[in-house]
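Single-structure report; data block below.
Labels below follow one simple rule: chain letters A, B, ... track the order of the sequence lines, proteins then strands, and each chain is numbered from 1. Bear in mind that the values here come from a model prediction, so they are computed numbers and not experimental data.
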Amino acid sequence: MTISKTYDPREAEEKWYSYWMEKKFFHSEPDDREPYTIVIPPPNVTGVLHMGHMLNNTIQDVLVRRARMKGFNACWVPGTDHASIATEAKVVAMLREKGISKRDLTREQFMEHAWEWKKKYGGIILEQLKKLGASCDWERQRFTMDPALSDAVIDTFIHLHKKGLLYRSLRMVNWDPVGRTAVSDEEVIRKEVNQKLYYVKYLVAGSDPEAEWVTIATTRPETIMADTAVCVNPSDTRYTHLQGKTLIVPLVDRRIPVIADDYVEMDFGTGCLKVTPAHDPNDYELGLKHGLEVIDILTEDGRLNEQARVCVGEDRFAARKEVARLLSEAGLLEKIEDYKSQVGFSERTDAVIEPRLSLQWFVRMKDLAAPALEAVEKGEVQLIPSKFTATYRYWMEHVKDWCVSRQLWWGQQIPAWYDTQGDYVIAKTAEEAVAMFAEKGNSLTRNDIHQDEDVVDTWFSSWLWPISVFDPSVFGDPKNPGNADLRYYYPGNDLVTAPEILFFWVARMIMAGLEFRGEIPFRNVYLTGIVRDKQGRKMSKSLGNSPEPQGLIDKYGADGVRVGMLLSSPAGNDLLFDESYCEQGRNFANKIWNAYRLIKGWEVATAAGEKKSATNGNTEAIAWFESRFRAELENIEQLFAQYRLSDALMAVYKLVWDDFCSWYLEMIKPDYGKPMDPDTHGATIAFFEDLLKLIHPFMPFIAEELWHELAERDEKDCIIVTAWPRQQAFNRERLDEMERVIGVVSQLRNIRNEKQIPFKTELPLSVRSANQDMYRRYEPVIRKLAHTGPLQLVNEQAPGVAFLVGTDEFFTDLGSNIDMKAERERMSKELIYLQGFLRSVQAKLSNERFVQNARPEVVENERQKKADAEAKINALEKNLAGLE
RNA sequence: GGGAGCUUAGCUCAGCUGGUUCAGAGCACCUGCCUUACAAGCAGGGGGUCACUGGUUCGAACCCAGUAGUUCCCACCA
């Protein structure tokens with residue numbers, strides 16, 4: 001049977017993923033093992049996989065697979081988020097295409113359409129994760145609007161209300177005119193925008209219109225019809241005479257007072273501020289303070305209403321231009337300047353946020369934030385990398401109340417019930433509400449009350465995610481046996497997510513965990529970087545700079561892509577994604593594949609005489625690689641402990657490629673046509689198996705494929721559930737020895753390269769050293785890798801080219817093929833370097849302050865360096881003299 | 001405006017408590033090789049004033065101060 005020269009991932013990926021599913025290797029049930037839990041950051045149910053998901057889920061899968069192999073009961077819970085604004089917007093758009101308007105539908109009808117949509121498109125992203133190899137427990141898949149999870153949301157709403165942490169209030173909120181809903185402060189993204197600053201004249205009432213006016217600078221001329229005052233700084237002498245006077249609002253001729261308040265900066269614009277309480281949060285505050293009228297001139301979708309009297313029905317941005325034109329016509333527009341300022345955009349719809357006065361529900365955050373901050377400060381929850389702790393602290397200390405109501409249907413309906421007077425109670429059902437009204441002495445029937453039309457913010461359900469995926473009752477209903485899961489899996493171990501949602505989600509989960517369970521939701525938060533393109537731009541659909549994940553998987557294999565994602569993305573660092581990383585991953589898979597091909601091709605000797613590996617150097621090679629593996633395993637474990645996954649991967653990469661393939665396999669490779677002795681063969685298979693185990697979390701498919709190729713396995717003997725290699729003591733001396741041997745081989749290869757001596761030509765080799773016995777042991781290795789003749793042990797300088805490995809002197813006689821002059825030059829150069837080095841060491845040692853102040857081991861080290869250098873110089877000088 | 005981080009090879013990044021021949025890795029690059037596992041490969045090699053300036057120290061990529069550039073977070077100057 002011939003084996004393909006390159007690894008073909010496609011078949012293996014399909015085969016093994018379904019095999020793992022079939023054998024339920026991803027599924028977890030509580031047992032007596034220690035749990036290892038990750039809950040997936042639930043992607044938007046209508047979303048498709050993008051590069052951020054690829055990175056994020058690769059990392060989670062690496063952690064989960066390793067934990068599983070380490071003997072933990074690993075459970076990775078997948079699921080999706082209902083993402084109320086985004087999804088509702090998509091459903092509305094879909095309906096519009098069908099010629100249906102949301103307004104024509106009842107809430108129930110709309111929800112039917114929405115669920116249908118969810119059913120149709122909701123699973124796409126999770127299917128894509130399977131292609132990546134994500135070993136989620138699909139039997140535990142959850143959705144934030146599953147009935148039970150929604151129940152939990154309502155329960156927590158009621159709980160917070162009872163505790164006085166939730167209230168309803170008329171406030172200036174961030175209004176998204178496209179989504180037609182309020183959004184929280186965190187959902188507003190500020191961006192710098194080029195704007196215009198309009199200088200508008202307001203005439204003073206009762207004076208000669210030509211004679212007296214004030215000029216006011218504004219970026220929003222379309223709101224002047226809502227002005228109810230003009231404000232100046234009380235100590236601004238330019239305007240003292242105006243205080244108490246009345247101005248005329250342009251275009252609508254309304255009379256408004258001039259008021260004074262320190263809030264106004266004298267040196268911005270003209271020092272005069274138009275006050276529009278309905279459309280600016282600061283103006284609203286000013287209005288409250290000064291008892292101003294509130295005139296709301298905007299509709300919920302951002303158009304001007306009848307109150308505006310001008311441009312009625314026009315969109316706010318069209319109206320801005322139109323009002324400017326009208327002002328200009330009226331001779332009231334003094335000038336327009338370019339101006340840059342920060343404008344808020346809706347995170348979900350990208351619409352410009354409109355401050356809007358409305359009645360909304362708020363969560364009082366201060367008391368929730370304090371313990372959540374403490375959990376991070378005390379290290380109970382660890383942020384990785386820790387640099388995010390400072391930002392986290394700042395946010396928690398300056399947290400503002402959270403507007404949780406959304407004027408949408410897709411989500412959990414707020415459990416507030418109103419009577420006809422607008423009086424309300426918070427209750428889970430209408431019946432309970434009626435009873436609660438009755439208790440208040442308000443005797444009503446079911447038909448007299450109605451439920452709040454709004455739903456809660458999506459994050460108000462996702463902050464429960466680490467709890468509700470295990471026990472939807474959240475508070476641990478003793479009647480619900482499901483909370484055995486919660487007791488077992490909660491709190492989770494690691495959470496892997498993007499820093500962008502540290503406050504949206506992570507902080508709130510910590511609050512919810514502490515508030516509702518009295519316990520943190522997870523111990524470590526691994527914050528990934530943002531995936532950017534090569535030019536450092538964030539990958540986005542609109543830029544079209546994001547590769548299609550499935551296309552990448554088709555091209556490089558899932559393993560290759562996983563490696564590509566990880567290679568250059570240390571925690572918290574942005575990843576400048578480049579396809580060539582995936583190529584490197586694919587090449588690595590191919591390298592592993594070919595190592596397998598080599599081993600597979602060996603014929604194993606059965607003759608008694610061939611069983612011994614002692615004479616061919618294999619014993620040394622095996623002993624070395626065993627120690628090499630153990631040493632590197634120790635290093636890899638440390639890297640994992642620090643969540644340095646890309647470094648861990650690189651360590652595995654080098655262990656496989658360099659140590660195993662380039663050195664070990666070359667050392668033990670039998671001559672052409674010769675069989676392999678069984679001892680070496682057995683040891684090599686065992687090494688390869690151990691390496692596959694280390695490879696598996698990163699590249700699960702090829703690891704599983706080769707695991708089964710290497711040996712006959714029982715049905716359930718899969719690498720995914722095989723025990724991770726155990727850390728064991730290693731022999732440092734072996735490592736040091738082989739390091740020297742490798743040094744000798746490298747030097748000889750170098751000489752061949754320089755002198756253009758083909759590998760076929762055997763090189764003579766002599767050594768003068770105190771370690772001659774050691775070199776004798778490794779002689780077969782050196783002869784094989786460097787193709788030298790028998791190793792001559794000498795006590796004097798031998799003819800030919802000389803080189804040093806440590807302080808051991810080697811000589812190879814190249815006969816006439818030697819350029820004496822060049823050799824002298826090379827050696828002189830080295831000599832000069834060594835002499836310089838020695839001088840610096842001597843300088844250090846003769847410095848009394850160094851010897852006194854430095855730690856003793858440092859001084860000792862310097863002495864050693866000095867002795868080494870002296871020995872080397874001595875050898876070099878002699879060799880140089882010998883060349884004369 | 002406030003805060004945090006970053007600046008090391010052509011690129012992406014390691015470099016722990018200041019001290020090992022400490023200036024590293026991967027990729028890219030250059031040279032030579034189709035050697036019977038792998039050209040998606042093998043062997044070898046060249047690349048850096050550790051952003052800049054000053055300070056502390058016996059000793060600084062590492063600690064301190066300042067400067068420049070850069071990224072992110074936060075913030076209601078119309």
Side-chain angles (χ1 to χ4, degrees), chain A residues 3 5-7 172 190 197 216-220 231 263-265 267-276 280-285 339 341-342 344 355 385 387-392 394-395 398 499-500 502-503 530 534 536 556 560 567-570 572-576 578 580-581 583-584 586-602 642 644 646-647 650-651 653-654 661-662 665-666 669 671-673 746 749-754 756 758-760 833-834 837 840-841 843-844 847-855 857-859 861-862 864-865 868-869 872:
Chain A
I3 312 165
K5 275 175 94 168
T6 52
Y7 168 62
M172 194 60 99
R190 285 177 193 283
L197 197 54
I216 289 162
T218 177
T219 54
R220 305 201 57 190
C231 191
Y263 166 72
V264 178
E265 305 275 338
D267 52 3
F268 184 87
T270 61
C272 277
L273 171 73
K274 72 190 211 46
V275 184
T276 320
D280 183 284
N282 301 305
D283 292 10
Y284 179 66
E285 292 303 316
Y339 182 67
S341 74
Q342 300 279 329
K387 67 176 178 186
F388 287 105
T389 310
T391 336
Y392 179 87
Y394 183 89
W395 191 78
H398 296 81
E500 300 159 296
L502 185 57
F503 309 131
I530 295 167
K534 258 181 117 174
Y556 301 104
L567 268 183
S568 73
S569 74
N573 274 23
D574 284 0
L575 160 60
L576 298 190
D578 184 338
S580 67
Y581 291 124
E583 201 179 325
Q584 196 181 345
R586 180 202 59 182
N587 293 355
F588 184 39
N590 201 46
K591 185 70 188 178
I592 299 165
W593 176 256
N594 277 291
Y596 155 70
R597 279 182 69 215
L598 176 68
I599 293 169
K600 186 77 180 172
W602 284 335
Q642 296 167 73
R644 298 176 64 151
S646 25
D647 291 337
M650 188 44 70
Y653 180 94
K654 287 195 275 191
C661 293
S662 297
L665 288 180
E666 293 298 334
K669 194 155 97 178
D671 291 338
Y672 184 61
S746 297
R749 282 171 174 172
N750 194 2
I751 288 167
R752 274 184 196 282
N753 234 296
E754 275 176 17
Q756 303 273 324
F759 188 75
K760 275 176 279 187
Y833 170 78
L834 279 170
F837 175 71
S840 81
V841 173
K844 246 187 221 183
N847 181 336
E848 265 177 53
R849 294 169 71 179
F850 169 72
V851 180
Q852 277 168 11
N853 296 334
R855 287 199 311 269
E857 61 268 31
V858 173
V859 178
N861 220 319
E862 291 300 316
Q864 189 59 50
K865 276 155 72 177
D868 266 17
K872 281 186 187 180

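- One finds no side-chain N or O of Arg597(A) lying less than 4.0 angstrom from the OP1 or OP2 phosphate oxygen of rA37(B).
- Using a 4.0 Å heavy-atom criterion, one finds that Asn853(A) contacts the bases of the nucleic acid, with or without backbone contacts as well.
- With hydrogens and angles disregarded, no donor-acceptor distance shorter than 3.5 Å links the side chain of Asn590(A) to the backbone of Arg586(A).
- When heavy atoms are screened at a 4.0 angstrom cut-off, Arg644(A) is found touching the sugar-phosphate backbone but no base atom.
- Contacts of Val859(A) with the nucleic acid, taken as non-hydrogen atoms under 4.0 Å apart, are absent.
- Rounded to the nearest Å, the gap between the C1' atom of rA61(B) and that of rC22(B) is 10 Å.
- Paired runs in RNA chain B that reach 3 or more consecutive Watson-Crick or G-U pairs, where each pair keeps both distances under 3.5 Å, cover B:1-7 with B:68-74, B:10-13 with B:24-27, B:29-33 with B:41-45, B:51-55 with B:63-67.
- For the P atoms, the distance linking rU53(B) with rC62(B) amounts to 13 Å, nearest Å.
- In terms of polar N and O atoms assigned as donor or acceptor, the side chain of Tyr263(A) comes within less than 3.5 Å of the base of rC76(B) in a complementary pairing.
- In this structure, Tyr556(A) reaches neither bases nor backbone, as no heavy-atom distance under 4.0 Å exists between it and the strands shown.
- Counting non-hydrogen atoms under 4.0 angstrom, Glu265(A) reaches a base of the nucleic acid.
- Residues Arg597(A) and Ile3(A) approach most closely at NE-O, 3.5 Å, considering heavy atoms.
- In this structure a side-chain-to-backbone donor-acceptor pair under 3.5 Å is missing from Asp280(A) to Val275(A).
- Between rG3(B) and Tyr392(A), no contact under 4.0 Å exists linking OP1 or OP2 to a side-chain N or O.
- Close to rA78(B), at under 4.0 Å from its OP1 or OP2, lies a side-chain N or O of Tyr339(A).
- Of the residues near RNA chain B, Val858(A) and Phe759(A), the one whose nearest nucleotide (by heavy atom distance) lies more toward the 5' end is Val858(A).
- By the rule that a glycosidic angle within 90° of 0 means syn, rG5(B) does not qualify and counts as anti.
- Checked against the 6.0 Å centroid threshold, Trp593(A) and Tyr596(A) count as a close aromatic pair.
- Comparing rC76(B), rA40(B), rG19(B) by their closest approach to the side chain of Arg190(A) singles out rC76(B).
- With rA37(B), rA78(B), rG26(B) as the choices, the nucleotide that has an atom nearest any side-chain atom of Tyr653(A) turns out to be rG26(B).
- As rounded to whole Å, 12 Å separates atom C1' of rC38(B) from atom CD1 of Ile3(A).
- The gap from the C1' atom of rC50(B) to that of rA9(B) amounts to 11 Å, rounded to the nearest Å.
- Leu834(A) comes within 4.0 angstrom of a nucleotide base, judged by non-hydrogen atoms across all strands.
- Atom CG in Asp647(A) sits roughly 15 Å away from atom P in rC27(B) (whole-Å rounding).
- Residue Lys654(A) places its side chain closer to rG26(B) than to any other of rC74(B), rC38(B), rG26(B).
- Phosphate proximity of rA37(B) to Lys600(A): absent, as no side-chain N or O sits under 4.0 Å from OP1 or OP2.
- If you check every strand for non-hydrogen atoms under 4.0 Å, Asn282(A) touches a base.
- Rounded to the nearest Å, the gap between the C1' atom of rC29(B) and that of rU35(B) is 25 Å.
- Counting any heavy atom pair closer than 4.0 Å across all strands shown, Ala390(A) reaches no nucleic acid atom.
- Which of rA78(B), rC38(B), rG19(B) sits closest to the side chain of Lys844(A) comes down to rG19(B).
- The nearest whole Å value for the distance from the NZ atom in Lys274(A) to the P atom in rC76(B) is 19 Å.
- The same atom, P, is picked in rU7(B) and in rG15(B); the two are 10 Å apart, to the nearest Å.
- The residue Thr276(A) sits apart from the nucleic acid: no heavy atom pair falls under 4.0 Å.
- Other residues, nucleotides and ligands contribute more than 12 heavy atoms inside 6.0 Å of the CD atom of Gln852(A).
- Base contact: Gln342(A) has a heavy atom under 4.0 Å from a base atom.
- Distance check on atom C1': rC63(B) versus rG2(B) gives 26 Å, rounded to whole Å.
- Nucleotides rC42(B) and rA28(B), compared at atom P, are 12 Å apart to the nearest Å.
- Comparing the P positions of rG47(B) and rG24(B) gives an interatomic distance of 12 Å, to the nearest angstrom.
- Interatomic distance, OG1 of Thr276(A) versus CG of Asp283(A), reported as 5.0 Å (0.5 Å rounding).
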Report task. Determine, for nucleotides 41-47 of chain B in 5'-to-3' order, which nucleotides have protein heavy atoms under 4.0 Å from the base (write B), from only the sugar-phosphate (write S), or from neither (write -). Result -> SSBSS--
